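Scope of the values below: all heavy atoms of this structure, side chains included, with no hydrogens, waters or symmetry mates. Keep in mind that this is a model prediction, so the values were computed, not measured.
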Amino acid sequence: MRILVVVATRHGATREIAEQIAATAAASLEETGVAAETEVRDAEHVTSFVGYDAVVLGSAVYFGHWLDSARRLVHERQGELRRVPVWLFSSGPAGEQAHPGEDPVDVSDVLVASGAREHRLFGGRIERAKLRFPERAVVAALRVPDGDNRDWPMIRAWARTIAGELATAPVERQGRR
């Protein structure tokens, strides 16, 4: 089984999540007797989803939205994405939610275009030293402390859930050509 994990990131924290998802999903599939090959690629370098049995797509979140490279890829390749099982994840946002209980990330168009089974929101990482000036200004205005808010056990559990669904999916429903 070939799984493509696609990521859009600015400072690398979301890529680390993608790498953990790929490694955990592959290991979980292997434990169930399903040979698995996972690949992590940056969204701007993906030109096709043909040949993959599943796709996990994630993006860092800035101002409540995915990065343009991930959004654009989904909209340009939605026909291909709809032929395979797809899961989405977001990394971030930082700071307090303006309206607790509301989804702080708007991925409704991406969910519809991709036909994704699920979207998960994971905490991100803030390292002011890696941020550009405008990003540092926003982080300062929101009074967001530096820190790593990624919940690795939750990320690994989600990857195992994806692997479990793929391990029990009939082969003819997979997107392989």
Side-chain angles (χ1 to χ4, degrees), residues 3-29 36 38-46 49 52 54-74 81 84-132 135-136 138-139 142-167:
I3 303 168
L4 179 61
V5 182
V6 181
V7 63
T9 186
R10 280 197 185 150
H11 304 290
T14 308
R15 174 172 263 288
E16 291 172 359
I17 293 172
E19 290 168 348
Q20 183 65 71
I21 290 168
T24 302
S28 294
L29 282 165
T38 57
E39 182 180 353
V40 177
R41 298 194 59 205
D42 292 322
E44 57 268 10
H45 296 121
V46 174
F49 295 104
Y52 292 97
V55 174
V56 179
L57 227 153
S59 177
V61 174
Y62 287 86
F63 304 107
H65 298 281
W66 270 23
L67 295 176
D68 287 340
S69 61
R71 264 187 197 290
R72 190 171 37 255
L73 178 63
V74 169
L81 284 170
V84 296
V86 175
W87 288 265
L88 307 176
F89 74 92
S90 299
S91 174
E96 296 294 318
Q97 282 183 242
H99 305 285
E102 289 184 12
D103 192 348
V105 181
D106 181 12
V107 293
S108 55
D109 64 320
V110 175
L111 275 164
V112 171
S114 67
R117 294 179 174 203
E118 182 181 11
H119 170 253
R120 283 288 176 100
L121 174 62
F122 300 116
R125 180 183 68 204
I126 298 290
E127 290 182 83
R128 287 184 209 288
K130 291 186 175 183
L131 302 179
R132 292 178 267 178
E135 295 167 330
R136 283 195 309 272
V138 170
V139 167
L142 293 174
R143 298 181 183 181
V144 177
D146 279 15
D148 191 341
N149 299 304
R150 296 171 294 177
D151 185 335
W152 294 109
M154 183 186 298
I155 292 164
R156 286 188 290 273
W158 188 59
R160 285 190 294 273
T161 299
I162 292 170
E165 288 185 38
L166 290 171

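Smallest separation of non-hydrogen atoms from His119 and Ser90: NE2-OG, 2.6 Å. Between Ala22 and Val5, the closest heavy-atom pair is CB-CG2, 3.9 Å. For the residue pair Leu88 and Trp66, the shortest heavy atom distance occurs at CD2-CH2, 3.7 Å. Considering all non-hydrogen atoms of both residues, Val40 and Arg15 come closest at CG1-NH1, 3.3 Å. The two atoms that bring Ala8 and Ala43 nearest to each other are CB-CB, 4.3 Å, heavy atoms only. What you find for Leu111 and Ser114 is that their closest heavy atoms are O-OG, 3.4 Å.
In this structure, the side chain to side chain contact (heavy atoms under 4.5 Å, CB included) partners of Asp151, at least two apart in sequence or on a different chain, are Pro153, Met154. Taking the salt bridge (Lys or Arg N to Asp or Glu O under 4.0 Å) definition, one finds that Arg120 meets it with Glu118, sequence neighbours left out. Listed by chain and number, the residues in a salt bridge (Lys or Arg N to Asp or Glu O under 4.0 Å) with Glu39 are Arg2, Arg41 (sequence neighbours excluded).
Between Thr24 and Trp152 the shortest side-chain heavy-atom distance does not fall below 4.5 Å. Side-chain contact check for Phe49 versus Val86: every heavy-atom pair is 4.5 Å or farther apart.
Relative orientation of the Phe89 and Trp158 rings is perpendicular, given thresholds of 30° and 60° on the angle between their planes.
Here OG1 of Thr9 is found 8.0 Å from CG of Asp42. Values are rounded to the nearest 0.5 Å. To the nearest 0.5 angstrom, Asp109 atom CG is 9.0 Å from His65 atom NE2. Interatomic distance, Ser91 OG to Arg10 CZ, rounded to the nearest 0.5 Å: 12.5 Å. For the atom pair CD1 of Ile162 and CD1 of Ile3, the computed distance is 8.0 Å after rounding to the nearest 0.5 Å. Here the straight-line distance linking atom CG of Leu81 with atom CG of Leu4 works out to 9.5 Å at 0.5 Å rounding. We find the OG1-CG distance between Thr161 and Leu166 to be 11.0 Å, quoted to the nearest 0.5 Å.
Side chain of Thr14 to main chain of Ser59: no donor-acceptor pair is present (N/O by atom type, distance under 3.5 Å, no hydrogens or angles).
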Criterion side-chain contact (heavy atoms from CB on, under 4.5 Å) on Glu16 and Gln20, from CA distance to verdict:
CA-CA 6 Å; Glu16 291 172 359; Gln20 183 65 71; over 6 Å; no
